[in-house]
Structure formats: C-alpha cells, structure tokens
Amino acid sequence: MDVITCPKCNGSTLVKSGIIKDRQRYLCKKCNYYFTVNKLGKKIDDYYVTKALQLYLEGLSYREIERIIGVSHVSISNWVKEYKINKPPHPNYHPSYKILKHAELVEYLKNKEQLSGAGMIITELGDKFMLIKWERFKE
C-alpha cells in the first residue's frame, strides 16, 4: 500500500475529510492543507525535457525538436516559458543536424573535411546520436 503524504509539506499526519468527485479528500494536521489523492497522469521524463531545452538553445525550432524527440511542440513551448529560456541570437550561423547510429557516427567523424569550417556538438538521443553542426552563412 502506498503511503500518502501531504503535497504541500510532505507531512504524514493525515485524516480523511470527505469525498469530492468520487475521490477521497484528506486534511494534513501539520499544515491544515486539504487535498485529494494525485491523479495518475502522463509525465514526461526529465531527460527529454532537458534534451528539448538543449536543442532549443542550439537553434532548432519547436517542430524540429518535436520530430526528433517525439514530444509535442506545445509541451516544448510550455517548458521554454516555464524555465524562462531565452534563445541567444545566431545571426551569422546556421544549425543543421543529423541523426546517426553509432557506426554511422564513427564513419562521419573519420572524414576530416566534414569536421573543418564549423562548430559541432554530439549528443545522445536514445540509442542514436545527434550531431548538430553550425556553419557560417555564405555571403
């Protein structure tokens, strides 16, 4: 059986205090807070939140991140607002990205011509790797 604690103060001195919408209501004796048992909802792992915010800071759009991670672009937008993330301007650089398996990444990195002339970062994305490369706009 799960031990119920107060969501406000994490206290365990609780008493039943009625039923609201077919759910048991509790009163915390420590802080006098009324609450019902938490709904079992869909929670996205913090790993994907962090990855989405990193990709946003790297210059990818919400829709691009949605296609890569598989999380709604609206959720990503909400996380950016919630954590007050400001994208730094990249006026002279254009990010491009590739999703590669381990063997493909090794082959890509062997070619020195693809490594020069741009900054890049490699990040793990589940069982694959994402390579983000910044190239200067040609003027």
Side-chain angles (χ1 to χ4, degrees):
M1 185 173 166
D2 292 333
V3 177
I4 300 171
T5 59
C6 174
K8 191 171 183 182
C9 71
N10 275 342
S12 59
T13 54
L14 308 174
V15 293
K16 290 183 178 181
S17 182
I19 294 178
I20 303 282
K21 294 183 183 176
D22 296 326
R23 292 183 9 197
Q24 181 65 56
R25 185 177 185 207
Y26 295 94
L27 168 65
C28 176
K29 292 296 227 173
K30 186 175 177 184
C31 67
N32 287 332
Y33 182 69
Y34 288 93
F35 65 96
T36 57
V37 200
N38 291 336
K39 288 193 299 186
L40 293 175
K42 186 176 175 183
K43 173 136 172 43
I44 297 174
D45 190 4
D46 289 340
Y47 171 81
Y48 293 104
V49 176
T50 304
K51 283 293 176 194
L53 294 176
Q54 286 174 342
L55 295 174
Y56 176 75
L57 284 172
E58 300 305 335
L60 275 66
S61 71
Y62 295 143
R63 299 266 181 178
E64 289 173 319
I65 299 168
E66 175 182 34
R67 286 189 286 274
I68 293 166
I69 295 182
V71 175
S72 166
H73 65 277
V74 176
S75 295
I76 297 165
S77 171
N78 290 338
W79 297 332
V80 168
K81 290 175 190 171
E82 178 183 345
Y83 295 107
K84 296 177 179 71
I85 304 291
N86 294 323
K87 187 189 295 190
H90 296 293
N92 298 329
Y93 293 92
H94 170 67
S96 62
Y97 60 91
K98 296 178 187 229
I99 308 285
L100 305 168
K101 294 180 182 172
H102 183 263
E104 295 170 333
L105 179 63
V106 170
E107 286 300 316
Y108 185 88
L109 294 175
K110 284 182 181 178
N111 188 350
K112 283 192 174 189
E113 294 169 3
Q114 294 178 353
L115 300 178
S116 62
M120 70 177 69
I121 186 169
I122 300 169
T123 183
E124 180 186 8
L125 195 62
D127 62 340
K128 297 179 181 164
F129 297 91
M130 175 185 276
L131 180 125
I132 304 170
K133 188 174 182 180
W134 295 273
E135 298 175 296
R136 262 187 214 276
F137 284 123
K138 306 287 187 222
E139 293 182 21

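Hydrogens, waters and symmetry mates play no part in the numbers below; they use all other heavy atoms, side chains included. The model shown is predicted, which means the values in this text are computed figures rather than measured ones.
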Count I, L, V, M, F, W, Y as connected when their side-chain heavy atoms are under 4.5 Å apart, and connections chain through other members. Are [X] and [Y] then in the same cluster?
{"X": "Leu57", "Y": "Ile69", "result": "yes"}
{"X": "Tyr83", "Y": "Ile44", "result": "yes"}
{"X": "Leu14", "Y": "Ile19", "result": "no"}

Q.
For a side chain to side chain contact (heavy atoms under 4.5 Å, CB included) check, start with the C-alpha distance between Ile76 and Leu55, then their side-chain angles and the critical distance, and finish with the verdict.
A. CA-CA 10 Å; Ile76 297 165; Leu55 295 174; over 6 Å; no
Nearest heavy-atom pair of [X] and [Y]: which atoms, and what distance?
{"X": "Lys30", "Y": "Gly11", "answer": "CD-CA, 4.3 Å"}
{"X": "Leu53", "Y": "Ile85", "answer": "CD2-CG1, 4.1 Å"}
{"X": "Ile65", "Y": "Tyr56", "answer": "CD1-N, 3.5 Å"}
{"X": "Tyr34", "Y": "Ser17", "answer": "CE2-OG, 3.3 Å"}

Would you say the side chain of Gln54 lies within less than 4.5 Å of the side chain of Ile121, judging by non-hydrogen atoms?
->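 Ile121 does not reach Gln54 side chain to side chain.
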Handout entry: Note, Val71 side chain near Val49 side chain (heavy atom, < 4.5 Å)
Key =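 No. Closest side-chain heavy atoms not under 4.5 Å.
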**Check against side chain to side chain contact (heavy atoms under 4.5 Å, CB included), Tyr97 and Lys133** = CA-CA 6 Å; Tyr97 60 91; Lys133 188 174 182 180; over 6 Å; no
Any chance you could lay out the side chain to side chain contact (heavy atoms under 4.5 Å, CB included) test for Ile122 and Tyr108, step after step, and finish with the verdict?
CA-CA 12 Å; Ile122 300 169; Tyr108 185 88; over 6 Å; no
Donor-acceptor check, side chain of Lys51 to backbone of Glu124, threshold 3.5 angstrom: yes or no?
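Yes: the side chain of Lys51 pairs with the backbone of Glu124.
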*Give a yes or no answer on whether the side chain of Gln24 reaches the backbone of Thr36 with a donor-acceptor pair at less than 3.5 Å.*
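Absent.
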Could you grab the distance from atom [atom1] of [X] to atom [atom2] of [Y], nearest 0.5 Å is fine?
{"X": "Leu131", "Y": "Leu105", "atom1": "CG", "atom2": "CG", "value": "6.5 Å"}
{"X": "Cys31", "Y": "Asn10", "atom1": "SG", "atom2": "CG", "value": "9.5 Å"}
{"X": "Phe129", "Y": "Thr123", "atom1": "CZ", "atom2": "OG1", "value": "9.5 Å"}
{"X": "Asn78", "Y": "His73", "atom1": "CG", "atom2": "NE2", "value": "10.0 Å"}
{"X": "Glu82", "Y": "Ser75", "atom1": "CD", "atom2": "OG", "value": "10.5 Å"}
{"X": "Glu107", "Y": "Leu100", "atom1": "CD", "atom2": "CG", "value": "11.0 Å"}

Are there over 12 heavy-atom neighbours, none belonging to Tyr48, within less than 6.0 Å of that residue's OH?
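Count not over threshold, so no.
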